[in-house]
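Report on the following structure.
Count residues from 1 along the sequence.
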Amino acid sequence: MATLPNPLPKLAADPSGRSLGLRLPAGALVDTTDQGLWHEPLLWCADGRALPGGWAALEPARRAGLLPVVLETGDGHGGPDRWQLMPGKVSYPGDHDAEEVLAEYWEEHAEEGAPWPGTAEPAGPDRDPDTMAGDLVDILLEDGGLKEPRLALVPARRSADVPAAIGWTGPANHEGDTARLSAVLRSWEDRFGIRLVALGFDHLMLSVATPPTTPGAAEAVAAEHFAFCPDNIHQGADPTLRAYARHQVLNQPVWHFWWD
């Protein structure tokens, strides 16, 4: 996978991050994968629980090529050192076309004969995506919406690439190459202003700066969500795209995906 130079090794000798213009809390570098230790750190993860304001404090890390994400470590699977990361099996997100990926998933999981409706039209400009992401994280941390959250930093070009950059295997039963999912996330960044704000062992959460605002647009996006993560619909209270679009997509500033 093509990557930018990784600044994380500097934190081994400088845990405070001052050499990168940061003031980091106590934390550790993670280089543990399913095949042993990786040749360089995959991410930095704070030791303590994430608190409101912590995301904003990490914003300067962007200038060093590091992007913030909240890791949920309280779902019974522990922290990222126990997540069976597989960076060696991940390609580059830019090598995949998002619509082709979604169409392939649709053909595999939709009812036989159901035509792929194509990708949804982009929503109009709304809030700044990065501001939206930071505000949402603070809300989630204030109301306890995340389980044992810890702040992390990942070397990545864009938020959508974070799962691929660390070799995340949460959707392994759906897709073995997480870069294909990151390609879809890139497309959603461009069309809906999403940012990856939280990542767990088998689930992820996105902030959405410009969600669909009409039922028709929401149903078009719901079809993409179904292709991306069929479990979202199959395991819902009303497993239909129309119901999912109405309750989980229309005007919703948060999209959540979970793979069984």
Exercise. Do any pairs count as a salt bridge (charged side-chain N to carboxylate O under 4.0 Å, His left out) and have a residue in residues 163-179, sequence neighbours left out, and if so which ones?
Worked result: Glu175-Arg180
Reported [atom1]-to-[atom2] distance for the pair [X] and [Y], which is rounded to 0.5 angstrom:
X: Leu146; Y: Arg49; atom1: CG; atom2: CZ; answer: 8.5 Å
X: Thr213; Y: Gln252; atom1: OG1; atom2: CD; answer: 12.5 Å
X: Leu67; Y: Arg195; atom1: CG; atom2: CZ; answer: 9.0 Å
X: Leu102; Y: His96; atom1: CG; atom2: NE2; answer: 13.0 Å
X: Leu206; Y: Leu136; atom1: CG; atom2: CG; answer: 10.0 Å
X: Cys45; Y: Asp81; atom1: SG; atom2: CG; answer: 8.5 Å

Exercise. Quick one: side-chain hydrogen bond (donor to acceptor under 3.5 Å, both in side chains) pairs with a partner in residues 25-38, sequence neighbours left out?
Worked result: none
For this session: Any side-chain hydrogen bond (donor to acceptor under 3.5 Å, both in side chains) involving residues 12-30? Give me the pairs, sequence neighbours left out, ordered by first then second residue.
Result: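 The answer is Asp14-Ser16, Asp14-Ser19.
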Shortest non-hydrogen contact from [X] to [Y]?
X: Val249; Y: Pro211; value: O-CB, 4.2 Å
X: Ala56; Y: Pro60; value: O-CD, 4.0 Å
X: Leu29; Y: Ala12; value: CD1-N, 3.8 Å
X: Met132; Y: Pro253; value: CE-CB, 3.1 Å
X: Gly193; Y: Pro129; value: O-CB, 3.5 Å
X: Ala98; Y: Ser187; value: CB-CB, 3.6 Å

Problem set entry | Where at least one partner belongs to residues 97-117, residue pairs that pass ring-ring contact (aromatic ring centres under 6.0 Å, His included), sequence neighbours excluded | Tyr105-His174, Trp106-Trp116, Trp106-Phe226, His109-His174
Problem set entry | Residues in side chain to side chain donor-acceptor pair (under 3.5 Å) contact with Asn251, at least two apart in sequence or another chain |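 Expected list: none.
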Exercise. Can you name the residues that form a side chain to side chain donor-acceptor pair (under 3.5 Å) with Arg158, not counting sequence neighbours?
Worked result: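 Per chain and number, Arg158 pairs via side chain to side chain donor-acceptor pair (under 3.5 Å) with Glu189, Asp190.
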Problem set entry | With sequence neighbours excluded, residues passing side chain to side chain contact (heavy atoms under 4.5 Å, CB included) with Pro52 |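 Expected list: Asp138, Leu141, Glu142.
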Problem set entry | With sequence neighbours excluded, residues passing side chain to side chain contact (heavy atoms under 4.5 Å, CB included) with Gln235 | Asp231, Trp258, Asp260
Does [X] reach the side chain of [Y], with side-chain heavy atoms less than 4.5 Å apart?
X: Leu58; Y: Leu22; value: no
X: Leu153; Y: Pro68; value: yes
X: Arg127; Y: Asp135; value: yes
X: Val254; Y: Ser207; value: no
X: Pro163; Y: Leu196; value: yes
X: Trp259; Y: Leu204; value: yes
X: Leu85; Y: Leu43; value: yes
X: Trp255; Y: Phe228; value: no

Which atom pairs, one a donor and one an acceptor, fall under 3.5 Å between side chains of residues 218-225 and the rest of the protein, sequence neighbours left out?
| from | atom 1 | to | atom 2 | distance (Å) |
| --- | --- | --- | --- | --- |
| Glu219 | OE2 | Arg242 | NE | 3.4 |
| Glu224 | OE1 | Trp188 | NE1 | 2.8 |
| Glu224 | OE1 | Arg191 | NH2 | 2.8 |
| Glu224 | OE2 | Ala120 | N | 2.6 |
| Glu224 | OE2 | Arg191 | NH1 | 2.8 |
| His225 | ND1 | Tyr244 | OH | 2.8 |

Exercise. For Leu250, what are the other residues in its hydrophobic cluster, where any two members join if their side-chain heavy atoms are less than 4.5 angstrom apart?
Worked result: none
Is it true that [X] and [Y] fall in one hydrophobic cluster, defined by side-chain heavy atoms closer than 4.5 Å?
X: Val101; Y: Leu181; answer: yes
X: Val184; Y: Ile194; answer: yes
X: Val154; Y: Leu8; answer: no
X: Val162; Y: Leu20; answer: no
X: Trp55; Y: Leu199; answer: no

Problem set entry | Atom CD of Glu104: over 12 foreign heavy atoms under 6.0 Å | yes
Exercise. Counting only heavy atoms not in Glu107, do more than 12 sit closer than 6.0 Å to its CD atom?
Worked result: no
Give every donor-acceptor pair under 3.5 Å between a side-chain atom in residues 69-77 and any protein atom, sequence neighbours left out.
| from | atom 1 | to | atom 2 | distance (Å) |
| --- | --- | --- | --- | --- |
| Glu72 | OE1 | Lys147 | N | 2.7 |
| Glu72 | OE2 | His203 | NE2 | 2.8 |
| Thr73 | OG1 | Glu148 | O | 2.8 |
| Asp75 | OD1 | His77 | N | 3.2 |

Expected list for residues 164-172: side-chain donor-acceptor pairs under 3.5 angstrom, two or more places apart:
| from | atom 1 | to | atom 2 | distance (Å) |
| --- | --- | --- | --- | --- |
| Trp168 | NE1 | Gly200 | O | 2.8 |
| Trp168 | NE1 | Phe201 | O | 3.4 |
| Thr169 | OG1 | Trp83 | O | 3.3 |
| Thr169 | OG1 | Gln84 | O | 3.1 |

For this session: Report the C-alpha separation of Arg62 and Asp130 in whole Å, then their side-chain angles, then the decisive distance to 0.1 Å, and conclude whether the side chain to side chain contact (heavy atoms under 4.5 Å, CB included) test is met.
Result: CA-CA 11 Å; Arg62 294 179 184 276; Asp130 293 318; 3.6 Å; yes
